[in-house]
Amino acid sequence: MHFGKLLWCGLIFLWMCSSGHAQHRGDDSIATTEYFEFHSNYWINLHHFLYQKASGSQLRKLKEDGNQYLEIGEDKVQLTLSAADEKTLSEAISYYKDSIISKSLLFDLGQERVWLQRREAGVRISDTTFSKRYTEILNKVGPVYSKHFWPLHEKQNAAILKLQLPSIKKFERTVITKMEGFAMKKWPVTTKVRVDVSAYANYAGAYTPTRPRFNIFISSLDPSSEKMDFVETILHEGSHLLFNYGGPFREGIALIFDQKKLEIPYPKQLWHAALFYLCGRSVQDELQNNGYTEYRMIMDTRTIFSSYNTKVFRAGLEQYYQDKTNFNNTIAQLLDGLK
């Protein structure tokens with residue numbers, strides 16, 4: 001190769017490295033299964049980190065349940081921050097307190113999430129779509145996060161997924177097939193649901209927005225991430241794709257409710273409570289069949305939809321789960337139990 005051309009190629013390579021094009025570009029996908037594609041995204045992790053440091057909602061919920069975050073050395077790292085880095089981090093957290101945490105992670109920040117997922121890891125953002133100040137905050141706090149916290153978070157995300165991936169692969173098809181039957185809807189053939197594994201998530205430790213796209217977010221610092229609860233959570237959140245708004249299960253509840261002319265408020269979350277039970281039972285059975293005889297489904301270990309979770313509710317859904325009654329009879333029984 002001519003020396004001039006060689007020099008030019010070398011300069012191009014150096015520019016790409018310095019600008020992050022060679023160093024940071026690439027897929028943040030860390031694993032795939034038949035139904036899911038798992039990601040550990042730098043900006044998504046930073047976003048949830050700042051959100052939870054500002055709101056504290058996830059930690060409060062954990063404490064209510066008698067739990068704490070998993071220990072990965074984050075507090076020790078915090079103590080090593082220089083005064084300048086501490087100031088930068090505090091400024092970013094204050095911005096989130098003032099401008100971001102008033103918005104719901106589930107309902108309000110969808111466009112921001114997709115925008116962040118499309119940024120290059122660790123590379124300064126030039127796009128000011130959501131405000132010049134927001135971009136400035138992210139760019140300023142980015143180096144602090146990259147140096148001190150992202151290595152811990154990235155390692156934790158990878159460790160949890162390595163721990164749980166074999167079980168997800170082993171049980172996903174059987175459980176999803178059962179959930180298709182309960183929901184009376186098939187999983188879209190070409191769809192792999194995106195799952196963002198993030199050190200922090202929302203108050204519940206996992207959530208699944210459907211807009212602007214269906215996307216699961218799950219915390220690797222929640223203590224349940226080291227247990228089979230993680231498997232149930234992934235399969236539960238994925239099953240939202242089957243129990244979607246406008247789908248047969250939710251529309252069926254609305255139709256039967258109208259037919260019965262009940263003088264009670266419409267039970268908006270009955271479908272979700274039913275999903276918790278049906279998915280929990282499906283996972284519980286699969287685990288028990290494979291030697292995990294002590295597993296208790298999440299609905300029994302956490303306070304979830306306690307107003308629905310009655311003897312009538314459980315008895316009706318157990319009959320449905322065991323295919324001893326049909327959907328219409330089940331929903332009619334559940335609605336009568338709410339009177």
Side-chain angles (χ1 to χ4, degrees), residues 13-31 38-56 58-59 69-97 99-101 105 109 112-162 194-201 217-222 225:
F13 175 77
L14 289 173
W15 172 80
M16 289 175 69
C17 289
S18 65
S19 63
H21 287 268
Q23 190 173 3
H24 296 291
R25 186 176 297 281
D27 194 358
D28 58 18
S29 174
I30 53 176
F38 294 88
H39 296 254
S40 180
N41 181 279
Y42 168 86
W43 290 108
I44 288 297
N45 273 260
L46 173 55
H47 172 59
H48 286 99
F49 171 68
L50 294 175
Y51 191 100
Q52 286 304 332
K53 291 299 180 183
S55 75
Q58 187 177 354
L59 181 57
Y69 287 124
L70 294 175
E71 174 55 50
I72 61 171
E74 195 175 285
D75 290 341
K76 292 181 180 178
V77 166
Q78 184 90 29
L79 294 174
T80 69
L81 295 182
S82 67
D85 284 351
E86 183 66 49
K87 181 180 178 182
T88 296
L89 180 59
S90 295
E91 182 181 35
I93 293 171
S94 294
Y95 177 84
Y96 263 66
K97 282 183 179 178
S99 305
I100 303 295
I101 65 170
L105 284 167
L109 292 168
E112 287 87 342
R113 282 190 304 268
V114 172
W115 178 76
L116 286 167
Q117 286 169 340
R118 291 172 177 167
R119 303 306 103 197
E120 293 185 59
V123 177
R124 286 183 61 83
I125 301 172
S126 59
D127 188 344
T128 58
T129 295
F130 293 102
S131 84
K132 181 179 179 181
R133 181 59 178 156
Y134 187 39
T135 297
E136 288 174 348
I137 286 291
L138 292 175
N139 283 333
K140 190 173 180 180
V141 77
V144 178
Y145 180 71
S146 294
K147 179 180 179 180
H148 299 287
F149 299 102
W150 175 233
L152 296 176
H153 295 169
E154 186 176 33
K155 182 179 178 180
Q156 177 68 8
N157 294 344
I160 292 300
L161 194 55
K162 181 179 180 181
R194 175 173 176 133
V195 180
D196 277 86
V197 184
S198 178
Y200 297 89
F217 297 86
I218 188 166
S219 169
S220 64
L221 288 182
D222 188 305
S225 66

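Among residue pairs with one or both ends in residues 143-162, none qualify as salt bridge (charged side-chain N to carboxylate O under 4.0 Å, His left out); sequence neighbours excluded. Among pairs with a residue in residues 134-144, those fulfilling side-chain hydrogen bond (donor to acceptor under 3.5 Å, both in side chains) read Glu91-Lys140, Tyr96-Tyr134, at least two apart in sequence or across chains.
Considering every non-hydrogen atom in both Ala31 and Leu161, the closest pair reads CB-CD2, 3.7 Å. Of all heavy-atom pairs between Ala199 and Ser220, the closest is CA-OG, 3.4 Å. When all heavy atoms of Leu109 and Leu105 are compared, the closest pair comes out as CD1-CD2, 3.9 Å.
Below 30°, between 30° and 60°, or above 60°: for Tyr145 and His153 the angle between ring planes is between 30° and 60°, a tilted geometry. Relative ring orientation between Tyr42 and Trp150 is described as perpendicular, the plane-to-plane angle rising above 60° on a 0-90° scale split at 30° and 60°.
Applying the side-chain hydrogen bond (donor to acceptor under 3.5 Å, both in side chains) test between Asn45 and each of Asn157, Asp28, Asp196 identifies Asn157 as the sole match.
Proximity of Asn41 to His47: side-chain heavy atoms (C-beta onward) are nowhere separated by under 4.5 Å. Under the 4.5 Å side-chain criterion, counting only non-hydrogen atoms from C-beta, Ile93 is in contact with Lys97.
For the atom pair CG of Leu89 and NE2 of His148, the computed distance is 9.5 Å after rounding to the nearest 0.5 Å. Interatomic distance, CZ of Phe217 versus CZ of Arg194, reported as 7.0 Å (0.5 Å rounding). Atom-to-atom distance recorded for Ser198:OG and Asp222:CG is 12.0 Å, nearest 0.5 angstrom. Here the straight-line distance linking atom OG of Ser131 with atom CD1 of Ile137 works out to 9.0 Å at 0.5 Å rounding. Atom CD1 of Ile125 is separated from atom CZ of Phe130 by 10.5 Å, given to the nearest 0.5 angstrom. Rounded to the nearest 0.5 angstrom, Leu50 CG and Ile101 CD1 are separated by 11.5 Å.
For the pair Glu86 (side chain) and Leu81 (backbone), a donor-acceptor distance under 3.5 Å is absent. Under the 3.5 Å distance criterion, the side-chain polar atoms of Gln52 are left unmatched by any main-chain donor or acceptor of Leu59. Using a distance-only test at 3.5 Å, with no hydrogens or angles considered, no donor-acceptor pair links the side chain of Arg124 to the main chain of Gly142. Judged by distance alone, the side chain of Glu71 and the main-chain N or O of Gly73 form a donor-acceptor pair under 3.5 Å.
Side chains of Ser219 and Tyr69: a donor-acceptor N/O pair is absent below 3.5 angstrom, by distance only. A side-chain donor-acceptor contact under 3.5 Å links Asp127 and Thr129.
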### Task
Please report the C-alpha distance between Val114 and Arg118 in whole Å, then the side-chain angles of each, then the deciding distance to 0.1 Å, and finally whether the side chain to side chain contact (heavy atoms under 4.5 Å, CB included) criterion is met.
CA-CA 6 Å; Val114 172; Arg118 291 172 177 167; 3.4 Å; yes
### Message
Set out, in order, the CA-CA distance, both residues' side-chain angles and the distance that settles side chain to side chain contact (heavy atoms under 4.5 Å, CB included) for Tyr95 and Val141, then state yes or no.
### Response
CA-CA 11 Å; Tyr95 177 84; Val141 77; over 6 Å; no
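With sequence neighbours left out, the salt bridge (charged side-chain N to carboxylate O under 4.0 Å, His left out) criterion links Glu74 to Lys53.
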